K.L.:
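One structure is given below, represented as structure tokens, and several questions about it will come after.
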Amino acid sequence: MIISGSIKETRNQVKEWKKQGLSVGLVPTMGYLHEGHKSLIERARKENDKVCVSIFVNPMQFGPNEDLDSYPRDLERDSKICEEAGVDLIFHPEVEEMYGPNFCGFVDMHTLPEKLCGASRPVHFRGVQTVVSKLFHIMPADRAYFGQKDAQQLAIIRRMVIDLDFDIEIIGCPIIREEDGLAKSSRNTYLSAEERAQAVILNQSLEEAMKAIEAGEKDAAKIKSIITDKLNTCPLAKIDYVEVVSFDTIQPIEKVEGAVLIAIAVYIGSTRLIDNRILM
Ligand code: AMP
């Protein structure tokens, strides 16, 4: 397994594989890998001759008061996980390699990034689109793998690839959860034992919404209030947002029909967690 922090070296390696007629899958991550990341890597492993994983805590997608400095990092552990999963190349650049002197370019779009996480994290998706565009140029893969855990991100990247004609297939992969239903996340490490126990409320509230939908409920406002009421039973939970939107446009809808994203962001103590359900 190659571990490289160099854009030039990484690009040359991927180009060489492409020249040999090999297919390449890319899994972009911020590291501190868990089963969620592993599921993307495994899928990429199955569908491609070569698998690249990027590990980069991207400063551009963090707001001024967010957790950039405290975000967990452990390259040694991540490398072991990647090696065992059959990864061929880890791209692990320093910030200076990605954002050189006088850097001032960025990629952005209207509407899709404005609601949900974009409303509470105004610079976040601009940073995501910029770094993902750079990664797609550095590693011109055939396929890139993203988790549905970050559903708005997945919708934005899909749109970006269409709108800006990137020659890459975007594969969305299901959310991997802990046994009690909490979606796996590198940020779960911030939770105290008490917070961790209460964090299951996110998945439980979405389960209640799904039960109502299965029983025939179509009114988005009702579904939102089912989720909100459940979340409000948890003393440590503070709601950032509960939204029912079109998965294609990320705009609010009144009736649950077509491709629908039910998305929530909730502070458990000071840790902000997200979860969702996608109905197709
Ligand atoms: P991150 O390192 O948090 O930026 O995540 C890298 C990729 O892993 C993103 O595409 C995430 O959506 C995906 N991911 C993170 N957590 C999970 C999970 N629990 N299940 C599936 N995919 C995940």
Side-chain angles (χ1 to χ4, degrees), residues 25-47 51-63 66-68 70-75 77-79 81-82 85 87 90-93 98 113 116-117 121 123-136 139 141 143-161 168-191 196 199-200 202-203 206 247 261 263-266 271-278:
L26 168 63
V27 182
T29 82
M30 296 205 299
Y32 215 70
L33 304 179
H34 52 66
E35 298 293 328
H37 300 111
K38 255 168 59 181
S39 71
L40 309 190
I41 295 171
E42 280 159 13
R43 175 99 186 257
R45 184 65 286 163
K46 276 197 198 116
E47 296 179 352
V51 175
C52 301
V53 173
S54 62
I55 297 179
F56 179 58
V57 182
N58 173 34
M60 210 200 247
Q61 69 189 67
F62 286 77
E66 294 183 358
D67 56 343
L68 173 62
S70 57
Y71 196 86
R73 295 160 167 91
D74 190 342
L75 182 63
R77 184 175 154 276
D78 288 347
S79 304
I81 292 171
C82 286
V87 170
I90 294 178
F91 177 54
H92 177 63
M98 290 295 270
L116 312 186
C117 288
R121 306 185 69 192
V123 298
H124 177 64
F125 288 118
R126 185 174 99 165
V128 169
Q129 289 170 85
T130 303
V131 80
V132 169
S133 299
K134 285 171 70 70
L135 293 171
F136 287 175
M139 288 165 281
R143 298 174 194 88
Y145 296 80
F146 291 86
Q148 285 172 13
K149 157 101 190 326
D150 299 277
Q152 188 176 13
Q153 168 175 284
L154 176 59
I156 287 170
I157 299 298
R158 282 211 166 118
R159 189 75 251 159
M160 180 185 88
V161 161
I168 191 165
E169 187 184 352
I170 303 301
I171 316 272
C173 303
I175 301 176
I176 304 297
R177 298 177 179 279
E178 303 286 354
E179 258 175 37
D180 64 1
L182 175 66
K184 297 221 181 213
S185 165
S186 309
R187 289 193 168 97
N188 292 350
T189 53
Y190 298 155
L191 300 168
R196 171 64 189 82
V200 293
L202 278 86
N203 183 52
L206 291 166
F247 185 44
L261 167 65
I264 63 177
V266 180
T271 304
R272 185 175 174 280
L273 300 176
I274 57 172
D275 202 347
N276 67 73
R277 292 289 189 281
I278 297 172

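Only this structure's heavy atoms are used, side chains among them; waters, hydrogens and symmetry mates stay out. First listed ligand is number 1; within each ligand, the first listed atom is number 1. Remember, predicted model here, so these are calculated numbers, not experimental data.
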K.L.:
So, using side-chain contact (heavy atoms from CB on, under 4.5 Å) as the criterion, who are the partners of Leu40 when residues are at least two apart?
P.N.:
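For Leu40 the side-chain contact (heavy atoms from CB on, under 4.5 Å) partners, ignoring immediate neighbours, are Val27, Tyr145, Cys173.
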K.L.:
Does Leu40 approach ligand 1 within less than 4.0 angstrom via side chain, backbone, both or neither, non-hydrogen atoms only?
P.N.:
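Near ligand 1, Leu40 shows its side chain, while the N, CA, C and O stay back.
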K.L.:
Using atom types as modelled, flag every donor-acceptor pair under 3.5 Å from a side chain in residues 147-156 to any protein atom, sequence neighbours excluded.
P.N.:
| from | atom 1 | to | atom 2 | distance (Å) |
| --- | --- | --- | --- | --- |
| Gln152 | OE1 | Cys117 | N | 3.0 |
| Gln152 | NE2 | Leu112 | O | 2.9 |
| Gln152 | NE2 | Lys115 | O | 2.9 |

K.L.:
Would you mind listing which atoms of ligand 1 come within a distance below 4.0 Å of any non-hydrogen atom of Ile175?
P.N.:
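Near Ile175, the atoms of ligand 1 are 20 (N), 21 (C).
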K.L.:
May I ask you to test the Asp275-Ile175 pair for a side-chain heavy-atom distance under 4.5 Å?
P.N.:
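Yes - at least one pair of side-chain heavy atoms lies under 4.5 Å apart.
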K.L.:
Suppose we measure from atom 21 (C) of ligand 1 to each protein heavy atom; which comes out shortest, and what is that distance?
P.N.:
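Of every protein heavy atom, Pro174 O, 3.3 Å lies nearest to atom 21 (C) of ligand 1.
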K.L.:
Among all protein heavy atoms, pick out the one at the shortest distance from atom 22 (N) of ligand 1; state its residue, atom name and that distance to 0.1 Å.
P.N.:
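Residue, atom and distance for the closest contact: Gly147 CA, 3.6 Å.
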K.L.:
Side chains of Arg177 and Asn203: is there a donor and an acceptor less than 3.5 Å apart?
P.N.:
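The answer is yes; a qualifying pair exists.
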K.L.:
Just which atoms of ligand 1 are under 4.0 Å from any heavy atom in Gln153?
P.N.:
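Ligand 1 atoms under the 4.0 Å threshold to Gln153: 9 (C), 10 (O).
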K.L.:
Any nitrogen or oxygen of Ile176, main chain or side chain, under 3.5 Å from a nitrogen or oxygen of ligand 1?
P.N.:
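By distance alone, the answer is yes.
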K.L.:
So, do Tyr71 and Arg187 sit near enough that their side-chain heavy atoms are less than 4.5 Å apart?
P.N.:
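Contact flag for Tyr71/Arg187 side chains = yes.
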K.L.:
For the pair Arg45 and Glu42, evaluate salt bridge (charged side-chain N to carboxylate O under 4.0 Å, His left out) and give the outcome as yes or no after the intermediate values.
P.N.:
CA-CA 5 Å; Arg45 184 65 286 163; Glu42 280 159 13; over 6 Å; no
K.L.:
Which residue owns the protein heavy atom closest to atom 5 (O) of ligand 1, what's the atom, and how far is it?
P.N.:
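Of every protein heavy atom, His37 NE2, 3.4 Å lies nearest to atom 5 (O) of ligand 1.
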K.L.:
Is the Lys NZ or Arg CZ of Arg77 less than 6.0 Å from the centre of Tyr32's six-membered ring, within 45° of the axis?
P.N.:
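Here Arg77 passes the 6.0 Å and 45° test against Tyr32.
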K.L.:
Return yes or no for this condition: an N or O of Asp150 is under 3.5 Å from an N or O of ligand 1.
P.N.:
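N/O-N/O distance under 3.5 Å: yes.
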K.L.:
Could you name the option among Pro28, Ala183, Ser39 that has the heavy atom nearest to atom 7 (C) of ligand 1?
P.N.:
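It is Pro28 that holds the nearest heavy atom.
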K.L.:
Is it the side chain (CB and beyond), the backbone, both or neither of Ser185 that lies under 4.0 Å from ligand 1, heavy atoms counted?
P.N.:
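No part of Ser185 is near ligand 1 at this cut-off.
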K.L.:
Just to be sure I read this right, does ligand 1 sit under 4.0 Å from the backbone of His34, its side chain, both, or neither, counting only heavy atoms?
P.N.:
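The answer is the side chain of His34.
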